[in-house]
There are 2 protein chains.
Amino acid sequence: MKNVRKTVAKTKILEFIQNSKAAVAHSDIQASLKGVCDRVTIYRVLERLLKEGLIHKIVDVDGVVKYAACHTCENKFHQHNHIHFSCEKCKKVTCLDTIMPVFNLPQNYILNSVNFTVSGFCPKCK
Amino acid sequence: MKNVRKTVAKTKILEFIQNSKAAVAHSDIQASLKGVCDRVTIYRVLERLLKEGLIHKIVDVDGVVKYAACHTCENKFHQHNHIHFSCEKCKKVTCLDTIMPVFNLPQNYILNSVNFTVSGFCPKCK
DNA sequence: ATTATTTTTGCAACTATGTTGCATTAGCAA
DNA sequence: TTGCTAATGCAACATAGTTGCAAAAATAAT
Ligand SMILES: [Mn+2]
Ligand SMILES: [Mn+2]
Ligand SMILES: [Zn+2]
Ligand SMILES: [Zn+2]
């Protein structure tokens, strides 16, 4: 059952994600942590942080994978049914933590998780 | 203003997409069209079909890009605000053309397009 | 039908993103 | 301090997508 360990890479990466207002991509992390660790390590740390429920993963509308800290779901139900907003101008992806769309699936579909991203212009870019 | 041309590749690719019940990936197309054209051509044809509004693009929860024919929006408003269902078992992505989630953005955000994908188990796999 | 024009294609080369195996390093508990 | 094993670095690989350019094919003009 694999004990988790606290390492420099993990600490710095988590800090960076938590201090970012918008979701960050692997390349953002790599740029900010210049030389702290290998790019493969970043991938592996991200995997761990996901599994430990400290961050969540967002696939942007253009396929770019980004990560954001978990706020609303600290220790409780780890559900991310909020909307993500992707700005077409500044390319920033932000969690709209309080906004959860309403919909109902047809019979016979079993829902597990959702991935809602809307795009347009953010308040700063409109 | 670039006239569009009808070519074998384009015809076959569009047919394949239109005949598929689920959304298809580039690799699916390549597999089905074995040797009809180069893989680069597939990318370029897909781009054109998108621009011509004959298909739409879906980024799956795991980042895999897929394409589906347009049904509800033939000539009219080209809006894709319906939900896509991604089955975790059979990996098929299907358009739930009639289901459109309700939500409201905070002031100052300008909505342009949406990308809603929910995952779980489809009727066949549940 | 022939020719001319321009879109489309194939190919090769390249970039970006993510993965895997394996030897080495470093956390942490005993 | 020692021992165990999680975590890392590095190299190599895999996959998806892009770009430039010459050749081929589709359509328009003659
Ligand atoms: Mn979020
Ligand atoms: Mn669809
Ligand atoms: Zn913006
Ligand atoms: Zn299924």
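Letters A, B, ... are given to chains in the order of the sequence lines, protein chains preceding strands, and every chain is numbered from 1. Computed from a prediction, not measured in an experiment: that's the story for all the values here.
- If you take CG of A/Leu33 and C1' of D/dT8, they are 14 Å apart, rounded to a whole angstrom.
- Below the 3.5 angstrom threshold, one finds a donor paired with an acceptor across the side chain of B/Arg5 and the base of C/dT6.
- Residue B/Tyr43 contributes atom OH, which lies 4 Å from atom P of D/dG17 at whole-angstrom precision.
- With DNA chain D read from its 5' end, the first of the two nearest nucleotides for B/Ser27 and A/Arg44 is the one closest to A/Arg44.
- Closest contact between the side chain of A/Glu47 and the listed nucleotides D/dA7, C/dT19, D/dG9 involves C/dT19.
- Rounded to an integer number of Å, the gap from B/Leu46 CG to C/dT8 C1' is 14 Å.
- Residue B/Val4 places its side chain closer to C/dT8 than to any other of C/dT9, C/dT8, C/dC28.
- Inspection of the A/Ser86 and A/Asp60 side chains reveals an N or O donor paired with an N or O acceptor under 3.5 Å.
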### Steps toward side chain to side chain contact (heavy atoms under 4.5 Å, CB included) verdict (B/Ile17, B/Leu46)
CA-CA 10 Å; B/Ile17 297 176; B/Leu46 286 170; 3.8 Å; yes
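- The distance from atom CG of B/Asp62 to atom C1' of C/dT19 is 15 Å, rounded to the nearest whole Å.
- Among the atoms of the strands shown, none is found under 4.0 Å from any heavy atom of A/Val64.
- In summary, the aromatic rings of B/His56 and B/His84 are positioned with their centroids under 6.0 Å apart.
- Proximity of A/Arg48 to the phosphate of D/dA7: a side-chain N or O atom is located under 4.0 Å from OP1 or OP2.
- With C/dA12, C/dG27, D/dA26 as the candidates, the nucleotide lying closest to the side chain of B/Val40 is C/dA12.
- The side chain of A/Thr7 contributes no N or O atom lying less than 4.0 Å from OP1 or OP2 of D/dA6.
- Spacing between atom NZ of A/Lys66 and atom C1' of C/dT17 amounts to 15 Å, rounded to whole angstrom units.
- Within the structure, every side-chain polar atom (N or O) of B/Arg39 is placed at least 4.0 Å from both OP1 and OP2 of D/dA16.
- In this entry the distance linking CD of A/Gln30 with C1' of D/dG9 reads 13 Å, nearest Å.
- For A/His82 and A/Phe116, the ring centers sit 6.0 Å or farther from each other.
- Checked against C/dT20, C/dC11, D/dT8, the side chain of A/Val45 finds its nearest nucleotide in D/dT8.
- Between B/Asp38 atom CG and D/dT19 atom C1' there is a gap of 13 Å when expressed in whole angstrom units.
- What separates CD1 of A/Ile42 from P of C/dA16 is a distance of 15 Å, to the nearest Å.
- Using cut-offs of 30° and 60° for the angle between ring planes, the B/Tyr109 and A/Phe85 rings count as perpendicular.
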